[in-house]
J.: 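Next up is a structure, given as structure tokens.
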Amino acid sequence: MLRLGLFVAAARCLPARPRLGPLCLAGNRGSFARSWLPAGDRGALSRQVRAAAGGESLPVLKTPKVKAGSGAGAGGYWLFPRGTRDHAPAQAALRERLLSAVVSCFKRHGAAAIDTPVLELRETLVGKYGEGAKLIYELKDQGGELLALRYDLTVPFARYLAMNKITKMKRYHVAKVYRRDNPATTRGRYREFYQCDFDIAGQFDPMIPDAECLKIVHEILSDLQLGDFVIKVNDRRILNGVFDVCGVPESQFIPACCTIDKLDKIPWEEVRSEMVAEKGLSPEAADRIGEYVQLHGDIGIERIFSILEQRLQASGEKLRTTETQVLVATPQKHLLAARMKLISELWDAGIKAEMLYKKDPKLLKQLQYCEDTGIPLAAIVGEQELADGVVKLRDVATRKEVDIPREKLIDEIRRRLEP
């Protein structure tokens, strides 16, 4: 399996049962830019995100405390768990564009999407993660079933293949997972977070699916214009060879590997201390391992999102939270029916349109709404336009207006919206 902090790209060979062998990939910087941005929005944000690759610190996200009225928790404040967060519309839009960049690559390589329950039977998850099992969120007995929140998307996929007797599949899965860990929100590490998995399951000639997984990683990181990056492939067999060369007894290979996996959470000094004090490795063996194992940055999807968010806040730039293309407006009173008729025609034609929810809104307020929300076009229909059989189409950015025959309005809007 090829694993990147951002997503998982895996080629799985399935003999009698799924074999899940981890391979680790990491880039050198925690920043993404470009491909998820719509045409016209790429330049500024792309530059900001590339600048973020410099590694500046992220804002500390403390447990939110919001003053509330009746119905709030103790002390009159609304609280929610550490390691989780709400996403306002602008943040949700940013996240959607980030994930769409990854998903578009998965689709380009012919993967089908699946979804699995956020809940799994406890017995399905426990015993699959080594020391990570203690981070599983276990739930109380629910009607006779011992349940747990999914820890990752890999074990649920293996369960899905086994239950449905599937021996060959190329799939992707983007969903939230949960870990009962100490959150490090300054590094984009949460208890609830997204994973983006790509898997090729089946029996194939050696290394062909693995090569495609590497290509996918390269495509995404290149398309996002990270600058220089390093893809590190970590095969368990190679790691076992490193342990052997470093003088680690074979019986301690798995415990040592579990400890090294913590390098994306804690510094090498703490990892070394745990290997010596808790796992029983000699100090000499631990030091030799340290010469081989180095961490070159955590580029998990949550960290990337935190960097994007920080840069946007610093720039003061607005990010559109909707995809509305046209606002239907009227300049006089008593034209609600005309607005509703026109917007219905736009919706039926597949054009994303809005109108203000007032009977007689002022034209200035309608046009200001366009500017505030980034809607590019306004379709204005007044008494004169109705009499002439036209619609006044306004370019919000340039404020230029032109009368378009009603029957040609749809084609003109589509022409102007072409990238």
Side-chain angles (χ1 to χ4, degrees), residues 1-12 22-56 58 93-113 153 170-174 187-188 193-200 204 207-235 238 264 294-312 315 317 319 419:
M1 171 161 65
L2 303 180
R3 180 173 294 273
L4 188 67
L6 164 64
F7 54 85
V8 176
R12 308 193 192 284
L23 300 166
C24 213
L25 287 83
N28 67 331
R29 293 272 176 91
S31 61
F32 276 57
R34 190 170 76 81
S35 71
W36 65 88
L37 301 177
D41 287 351
R42 293 181 174 175
L45 184 55
S46 180
R47 290 191 296 271
Q48 294 162 9
V49 176
R50 287 198 298 272
E56 54 262 60
L58 298 176
L94 184 63
R95 179 180 292 274
E96 181 181 0
R97 293 177 184 180
L98 175 60
L99 295 179
S100 70
V102 178
V103 170
S104 64
C105 182
F106 292 166
K107 289 182 177 180
R108 187 164 62 247
H109 284 261
L153 302 179
K170 182 188 288 188
R171 84 86 167 90
Y172 73 88
H173 190 184
V174 177
R187 299 180 60 193
F193 57 94
Y194 274 96
Q195 281 192 345
C196 306
D197 278 25
F198 176 96
D199 295 90
I200 303 174
F204 309 95
M207 302 309 296
I208 297 177
D210 304 77
E212 182 175 6
C213 291
L214 282 170
K215 182 67 169 66
I216 289 171
V217 175
H218 185 273
E219 284 181 16
I220 293 175
L221 298 183
S222 298
D223 193 34
L224 296 177
Q225 293 187 335
L226 285 172
D228 295 336
F229 58 86
V230 176
I231 298 175
K232 301 185 70 179
V233 180
N234 180 19
D235 191 303
I238 297 175
D264 64 341
Q294 296 182 23
L295 184 64
H296 287 278
D298 177 2
I299 55 172
I301 195 79
E302 300 296 344
R303 173 164 172 77
I304 302 309
F305 178 74
S306 296
I307 292 172
L308 288 174
E309 185 181 21
Q310 181 194 25
R311 298 304 299 174
L312 277 175
S315 70
E317 182 178 343
L319 182 68

J.: Out of curiosity, C213 SG to I208 CD1, how far, rounded to the nearest 0.5 Å?
T.: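 Rounded to the nearest 0.5 Å, the SG-CD1 separation comes out at 12.5 Å.
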J.: Does the plane of the ring in F198 sit parallel, tilted or perpendicular to the ring in H109? Use 30° and 60° as the thresholds.
T.: perpendicular
J.: Answer yes or no: is there a side-chain heavy-atom contact under 4.5 Å between I220 and I216?
T.: yes
J.: Could you check if a side-chain atom of P209 sits within less than 4.5 angstrom of a side-chain atom of E212, using non-hydrogen atoms only?
T.: no
J.: Starting at CG of D197, measure out to CZ of R171 and round the result to the nearest 0.5 Å.
T.: 5.0 Å
J.: Which pair of non-hydrogen atoms, one from C196 and one from V102, has the smallest distance, and what is that distance?
T.: CB-CG1, 4.2 Å
J.: Quick one: CG on L153 to NE2 on H173, what's the gap to the nearest 0.5 Å?
T.: 5.0 Å
J.: Supply the atom-to-atom distance K215 NZ to S222 OG, rounded to the nearest 0.5 angstrom.
T.: 8.0 Å
